[in-house]
Structures are given as structure tokens and as C-alpha cells.
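All chains are named by letter (A, B, ...) in the order of the sequence lines, taking the proteins before the strands, and each is independently numbered beginning at 1.
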Amino acid sequence: MRRMNHFFQAIGHRMINGIWHLGAGGRLFFYVALYLLESIKRPRLIIKEVFATGVLSLLIVIVSAFFVGMVLGLQGYNTLQKYGSSEAIGVLVALSLVRELGPVVTALLFAGRAGTAITAEIGLMRATEQLSAMEMMAVSPIGRVLAPRFWAGTISMPILAVLFSMIGILGGYFVAVPVIGVDSGAFWSQMQANVDFQEDIINGVIKSVVFGVVCTMIALFEGYDAPPTAEGVSRATTRTVVYSSLAVLGLDFVLTSFMINV
Amino acid sequence: MADNLVEINNLSFGYKNRLLHKGINMVFPRGKVVAIMGGSGSGKTTLLRLIGGQLVPTKGEVLVDGEIVHQQSREKLYQIRRKMGMLFQFGALFTDLSVYENVAFPLREHTNLPESMIRDFVMLKLNAVGLRGAYHLMPAELSGGMARRVALARAVALDPSIIMYDEPFAGLDPISMGVVCNLIRSLNDALGATSIVVTHDVHETFLFADYIYFVSEGVVVAEGTPDQLKKSKMPFVHQFVHGEMDGPVPFHYPAGDYRQEMLRVPAL
């Protein structure tokens, strides 16, 4: 009986904790939103953060995109040639990347590369009393530290996702045309004819903007809420990756279901 | 203009079920250096946070320049804080900014001064703490004492009327300790400020403080000038000033009978 009680207590505790975190995250998002306009008046702070989150994520995004594109080229050709339509490989690579893999894989890479950095930095700033010092200097840490990083994440993500798709297509082209020998004209023309700007590219960009907002906000909240200890910061960093990945994959399904008319 | 720049009246504060302060009364007169002393965990740093409005008291009030801190709006609270400078225990320097940028930070945030004037102010403050030559270094390149001095230069960048020091001597070598000790007194007198120093370093504090409060178990147990306290026969003050192991402040954390504890067979 006692074990049962403990079991239900643990479930209740976890649920209350989860709801509390959701509320605290929502409240922080509201405060960040209050400072967004003020923050945009200081573009130098945002540019500095765009460099830290976006530019420094370029290498991992470019390399990953090229490999993902090459794998898509190989797998696509392997399947399409069975049906005698290997020229459609350009369409397959482009649509897979622009609609899904570009925004989703970029968001996952962003969470691992930039999200963890944001969480660890803010968590350590809290642990070393830098945020308290800012408060005591009558400077809001939300306006000075969190809001520029929010802008940076939201701006960087769609640019990185578009770059991911472009490099991925080049990777697919590299495998399909020079290596396998698919006709270059067919590769590009089929892609041009079947990829729609509004339905495919813009929808992909919308997804990446949403992922940018969500991933950055999770990273900011986890850092800001982290207990000021080494263990607290390390756990917060882990949570950033886990929650961001789950949120991206879950939201991808929701957004796709709205975008595709079945 | 009131004689006391900061007043703490009947202040109580606690976390959850634990009451840290139980009806504390203190006054901090203008132009004076006042020290708050007490053992670790006696809530000295919390008192600074209550004065700075980072925490809200359970009961009582903190007045800064005649205004109750915790009843102010955020904007008004920030206005009050602009009159304050705080030196954190380990400096709390912004690690992504150089020494120069750290000291320039409050000036950039709160003034529209041209870069040439900011530079002059920063160099003036860094010179006052003896670190003008270190303006280009990053916080990671500084020793503990240097970081504390840079943080002090940053705390006084806007010429505050209240300077709060949280354990300014913790972990410093004797030379740095002496330097910081002199700086606290000289900066206070040069700026005409009021200084509140939270510390448990008896020797240094007795050299520069005008008035001292001893805090223990949530209440002020003794107060007076350094001379008065040196002569005090109060058991707590005697134990604290002479660093005695046992006295009113016990060495052992409350525990059960030692003999029983040792004889107990632990359940496997």
C-alpha cells in the first residue's frame, strides 16, 4: 500500500513539476517578448549573438548537410532506378530537404550546438552571480542577455535551414550526377518543375522560424532556471537537447499536418 | 535629508519553514562605513540582497533614502539601485568582456556619454584601484584579488551613494587584503558614500569600520564601534573576536548522542 502511495506521489510530483516548468517557461517568454522591441534598438548586441549562435554553427550544418544530401542521393537512386525514374532523383532530394530534413535536422543540430552553448553560458552566468550583478546595476538580464539571444536564434535558424537545404542538394547532385551518372539537365529541370516556392520552400522556412523560436526559448529558459551548481548546469544543458529535440519532432508533425491538405 | 541613508526596521526574512532573520534593526548613517559580521550562514549576504531589493522581507521594511525598497515598482527600484554599487563575493565580472568593458558597462547602460569620456571615467576608476595597466586583460587572466578590485572599480563607476561589499576579503592573500581594506575606506571618504561591508574577517574590519553589527541566529547580538566591541565582555563577541572554537556558537552541528551513534548497528 505504501509503495502504491509512493508511486502515485511520484507521478503527481512529476506532473506538478512539469506544469510548473511550463508556466515558468511561458512567463519567461512573456518577459522576453516585452523586451524584444527595446532589444532591437541595440543591433550590435544581436549581431554578436548571431555570430555566436549562427555563424559558429555553420561548419556543422554545412558538413552535415552535404553528407545528408549524398545519402539521400544514394538511397533515392537505389529506389528510383527500380521503377525506371532515376531522373526524378533531383526532385526527391530537393523536396526531402526543403520540406522536412532541412528545417528538422538543422533544428536538431542547432539544439546540440547553439542551444547547449546558450544554456551553459546563462546557467554559469547565474552561478557566478553575473546576472545578479546586472540586476544590482539596474540592468535587466532579460533585456540585456536573453532578448538578444532570442533574436539571434530566431534569425539564425531559418538562414541555417535554407543553407542546409542548398548544401544538401549540392551533396545529392554530387552523388547523382558526377558519381552515378544521372543526366545533369534532368536533375535540375525536374527539380525546377516540381518544387513549389510557396508550398515547399516558404513552408519549410516557416517551420524553421517556429523551430528557432522554440529551441532558443527552451535553451534560454533552461539556462535561466538552472540551479547555480555544476550539476544543475549540466542537467539543464542535457534537458535543452532532450526537450528541444522532442519539441522539434512533435511540432514538425503538427505543422506538416496543417500544411499538407490530405 | 535623513541622517541615515539606509534603515532596517524590525526585519524578518526566511526561506520556507526556516526563519533567517527575526526582527532585525540596523541603521547606516551617511558617510560611514558600517560592517555586518557573523558566522557563515547567519544571513549576512541575504541582508545585502534585501537592501538591494532582490528579496522581499517576510515582515518589517528596508528604507533606502527614505523609501521602502520592496514596495517600489520595477522602474523605481532600478532608480534606487542606480544609487547603489555592489561588490560581489567573487567579483561577478562579466567573463565575455575585458576589464575595460566591465568597468564601462554601467556607464554605457545608464549614460549617453561619448566614448572619449567613458574612457576617461574608466581609466580614472581603474587607476583608483591600481589596475589602469590591466585594462586590456580578460577576467580569466586576473588573480582573485585583481578581479575583486576590478569589480570594485565597476561598482563605483557611477559614483554611488551606497557601496555594498559582500565578503570582500574572502580568499585574498594578506597584501590584497590590505589593498582592499584601504580601498574601502578611501573610496568611501573620496565619494562621500555610505559603505555596508558584510564580512567575518575581524582584524581588517576593526581597522576601517566606523560601526559594527554582530548577527547570530537571526538577531543582532551586539553592536558598537570597534573600540567598544574590543572591550566587550559579551560571550558571543569574545568568541568571535578571539576565534575561539566553542562558546555560544557551538562547534558541533546539533546531533544525537555520540556514544549511541557509534554503537548503533546500521541496518543492511
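- A:S132 has its side chain out of reach of B:M86: every pair of non-hydrogen atoms, C-beta onward, lies at least 4.5 Å apart.
- Taking a cutoff of 4.0 Å between a charged side-chain nitrogen and a carboxylate oxygen, A:E135 and B:R49 do not qualify as a salt bridge.
- In this structure, CD in A:Q130 is found 8.5 Å from CG in B:L97, a value given to the nearest 0.5 Å.
- Atom CZ of B:R185 is surrounded by more than 12 heavy atoms from other residues, nucleotides or ligands within 6.0 Å.
- Chain A forms more heavy-atom pairs under 4.5 Å with one residue of B:Q79, B:R82, B:R154 than with any other, namely B:R154.
- Around atom CZ of B:F121, no more than 12 heavy atoms belonging to other residues, nucleotides or ligands sit under 6.0 Å away.
- The closest side-chain heavy-atom distance from A:M134 to B:F94 is below 4.5 Å.
- Distance check, rounded to the nearest 0.5 Å: OG1 of B:T95 to CG of A:L124 gives 8.0 Å.
- Proximity of A:M136 to B:M164: side-chain heavy atoms (C-beta onward) are separated by under 4.5 Å at one or more points.
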Inset, instruction - Let me see the working for B:F105 and A:M137 under side-chain contact (heavy atoms from CB on, under 4.5 Å), right down to the final yes or no. - result: CA-CA 9 Å; B:F105 184 86; A:M137 280 186 258; 3.9 Å; yes
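- Within a 6.0 Å sphere centred on NZ of B:K83, heavy atoms belonging to other residues, nucleotides or ligands number more than 12.
- For B:L77, no part lies under 4.5 angstrom from a heavy atom of chain A.
- Annotation for A:E129 and B:Q89: closest pair OE1-N, 4.1 Å, computed over non-hydrogen atoms.
- With a 4.5 Å cut-off on side-chain heavy atoms, B:H110 and A:V139 count as touching.
- Salt-bridge check for A:K48 with B:E101: failed, with every basic side-chain N at 4.0 Å or more from each acidic carboxylate O.
- Residue A:I11 qualifies as enclosed at atom CD1: its count of foreign heavy atoms under 6.0 Å is above 12.
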